[in-house]
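Report on the following structure.
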Amino acid sequence: MTYQWDIMRSLGINDHDIRKFTDPQHWLEYFPPLAKEDLKSLGVRVDWRRSFITTDANPYYDSFVRWQFTKLKERKKIKFGKRHTIFSPLEGQPSMDHDRATGEGVGPQEYTLIKMKVVEPLPKSLSSLAGHLVFLVAATLRPETMYGQTNCWLHPDINYIAFPVKTGEVFISTTRAALNMAYQDFTSEYGKTQVLLHLKGEELMGVALKAPLTSYDVIYTLPMLTIKEDKGTGVVTSVPSDAPDDYAALRDVQKKKALRDKFGITNEMVLPYKPVPIIDIPGIGNLSAVTACDQFKVSSQNDKSQLEKAKEMTYLKGFYEGVLLVGPHSGKKVQEAKKLIQGDMVASGEAVLYQEPERSVTTRSGDQCVVALTNQWYLDYGEPGWKETVRNVLKGVRTYAEEVNNNFLTTLDWLHEHACSRVFGLGTLIPWDPKFMIESLSDSTIYMSYYTVAYLLQGGVVNGSTPGPLGNTSRADDSGHTKCGDTHQPCLVLLDCGIATSLTHFDLLQMRALFTAIVKGDLIIMLM
Ligand code: ANZ
């Protein structure tokens with residue numbers, strides 16, 4: 001492991017001086033002049049008068065960002081509430097892209113957790129939980145297929161835990177999934193799970209379960225060797241009619257007596273269970289996984305390459321063209337039925353919604369992130385009206401390549417709520433709630449525009465400690481308020497005084513549309 005201290009030493013800084021970096025401000029004073037010298041020695045041509053620090057160490061920039069956020073707040077673009085966010089338990093705050101060592105761009109993935117109730121009397125391995133309602137909770141992206149469940153998969157070598165949730169019920173999942181749930185208000189103490197039992201998958205084989213919607217009265221836990229420990233809950237519900245993985249694995253257990261014997265699985269737990277037709281896919285039929293596995297001659301659950309082909313054939317077509325054959329939503333397209341069935345199961349208490357990072361996210365401090373429900377200020381980028389405004393602005397923007405324009409449009413489509421507050425770090429405090437800081441990607445959305453006038457305000461003094469050519473009218477005083485006493489003032493001053501110059505510069509940068517938007521105080525981020 002390389003410590004920060006080692007990195008600082010490798011830069012040629014002695015131990016005595018390294019200590020000074022415990023004060024975050026020291027970073028701001030130490031590195032900028034060195035970076036400038038390095039860039040100069042590379043021959044980079046830079047207008048150094050436009051250099052500035054982007055934290056509250058620089059009152060000009062600080063008031064610029066406070067102005068921006070006050071404007072957004074006034075226009076009701078910033079809201080407060082509990083939101084799902086990628087979160088570091090170690091740091092106790094959301095982990096944004098630039099905080100991450102791995103997992104840049106990774107967001108939360110929602111799963112439906114299917115509550116598969118362990119039939120009483122509880123099996124021996126769970127006997128200490130007698131008196132509780134115990135559930136194996138399976139993470140699925142396909143709630144509409146629950147009519148076709150034939151069994152539940154567990155990996156014999158994975159470790160699971162049993163833990164209580166707020167409702168008094170007991171859930172069984174991997175520790176990793178339980179931690180995510182604990183940060184999503186599942187457990188009585190936020191972020192904490194109380195472990196009632198540690199269980200290896202093999203101890204849970206052949207357990208009888210009652211699962212929602214399936215036509216089988218009782219289904220059983222069976223071994224699957226391809227379950228991933230770092231995905232979902234490690235508990236997987238099996239729908240062999242529509243999931244090639246499930247069909248291949250069920251066939252394995254049905255064909256291989258030795259496999260059943262190894263895990264104490266009796267014939268009754270497996271042999272009577274057949275894939276149930278629940279979804280018709282035009283051109284493939286009503287047992288799409290069976291058809292696909294046959295067509296690609298999938299030999300077993302480990303036949304990865306053929307399974308991939310089988311899944312490719314069924315999944316996409318299933319989603320867009322599949323039609324449900326059973327239940328109250330029979331006749332509806334899968335696309336439409338998915339949400340309805342999910343909603344029905346959540347309302348009846350048979351399922352709960354759960355989220356986890358789409359892929360592994362680790363912070364720079366080495367922590368594995370979870371998805372947490374946290375109270376935070378967030379930018380409501382998903383708001384349709386706001387998106388429409390930006391689409392309209394975009395129509396007037398001439399991008400050099402068509403591709404750039406398309407990228408903006410695609411981004412607009414997926415952009416949604418974006419956490420913009422954090423608990424610690426360097427930056428600008430949220431003007432109306434200074435116990436939070438503005439997250440440093442959120443405050444960088446329109447900061448490029450500051451370059452156009454930075455030299456007028458600061459004249460190249462990076463922390464703004466001496467007034468620039470415009471005088472010090474827009475500087476904040478010690479209390480953090482501008483001298484004019486109005487948080488809007490700095491930018492008005494900035495625009496009023498700098499307008500002629502900045503317009504030229506915006507033209508130069510072909511960013512006129514952006515500038516127009518700033519003057520109106522409208523959303524800019526999507527144009528960046
Ligand atoms: C029922 C079902 C029916 C599923 C169906 C798929 C198709 P992707 O799309 O790759 O994210 N799953 C869940 N957790 C798993 C784990 N830890 N290891 C292996 N498989 C796991 O896969 C999501 C699907 O993978 C989930 O949806 C689950 O199977 C399975 F026709 O549930 B599905």
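Start at 1 and go down the list; that is how both ligands and their atoms are numbered.
- Partners of Tyr354 under the ring pair (Phe, Tyr, Trp, His ring centres under 6.0 Å) rule, at least two apart in sequence or in another chain, do not exist in this structure.
- Aromatic ring orientation, Trp377 versus Trp432: perpendicular (interplanar angle above 60°, classes split at 30° and 60°).
- Ion pair Glu321/Lys317 flagged as a salt bridge, since at least one NZ, NE, NH1 or NH2 atom sits closer than 4.0 Å to an Asp/Glu carboxylate oxygen.
- For atom 24 (C) of ligand 1, no protein non-hydrogen atom is found at a distance below 4.0 Å.
- In terms of protein heavy atoms, atom 18 (N) of ligand 1 is closest to Lys228 N, 2.9 Å.
- The distance criterion of under 3.5 Å between nitrogen or oxygen atoms is met by Thr140 with respect to ligand 1.
- The shortest contact between atom 4 (C) of ligand 1 and any protein heavy atom is with Arg142 CG, 3.8 Å.
- Electrostatic pairing of Lys76 and Glu383 does not count as a salt bridge here, judged by no charged N lying under 4.0 Å from a carboxylate O.
- Given atom 9 (O) of ligand 1, the protein heavy atom at minimum distance is Leu141 CD1, 3.4 Å.
- Of the protein's non-hydrogen atoms, Val236 CG2, 3.4 Å is the one closest to atom 15 (C) of ligand 1.
- Between the OH atom of Tyr273 and the CD atom of Gln149 there is a distance of 11.5 Å, given to the nearest 0.5 Å.
- Thr145 OG1, 3.3 Å is the protein heavy atom nearest to atom 3 (C) of ligand 1.
- A pairwise comparison of heavy atoms in Leu225 and Gln301 identifies N-OE1, 3.1 Å as the closest pair.
- Salt bridge Glu110/Lys338: absent, no basic N to carboxylate O contact under 4.0 Å.
- Listed by number with element, the atoms of ligand 1 under 4.0 angstrom from any heavy atom of Ala243 are 5 (C), 7 (C), 31 (F).
- Within ligand 1, counting atoms from 1 as listed, the ones closer than 4.0 Å to a heavy atom of Tyr315 are 6 (C), 7 (C).
- With salt bridges taken as basic N to acidic carboxylate O contacts below 4.0 Å, none links Lys332 and Glu144.
- Those atoms of ligand 1 that come under 4.0 Å of a heavy atom in Asp242, given as number and element, are 31 (F).
- Closest protein heavy atom to atom 22 (O) of ligand 1: Lys231 NZ, 3.1 Å.
- At a heavy-atom distance under 4.0 Å, only backbone atoms of Ala139 (N, CA, C or O) approach ligand 1.
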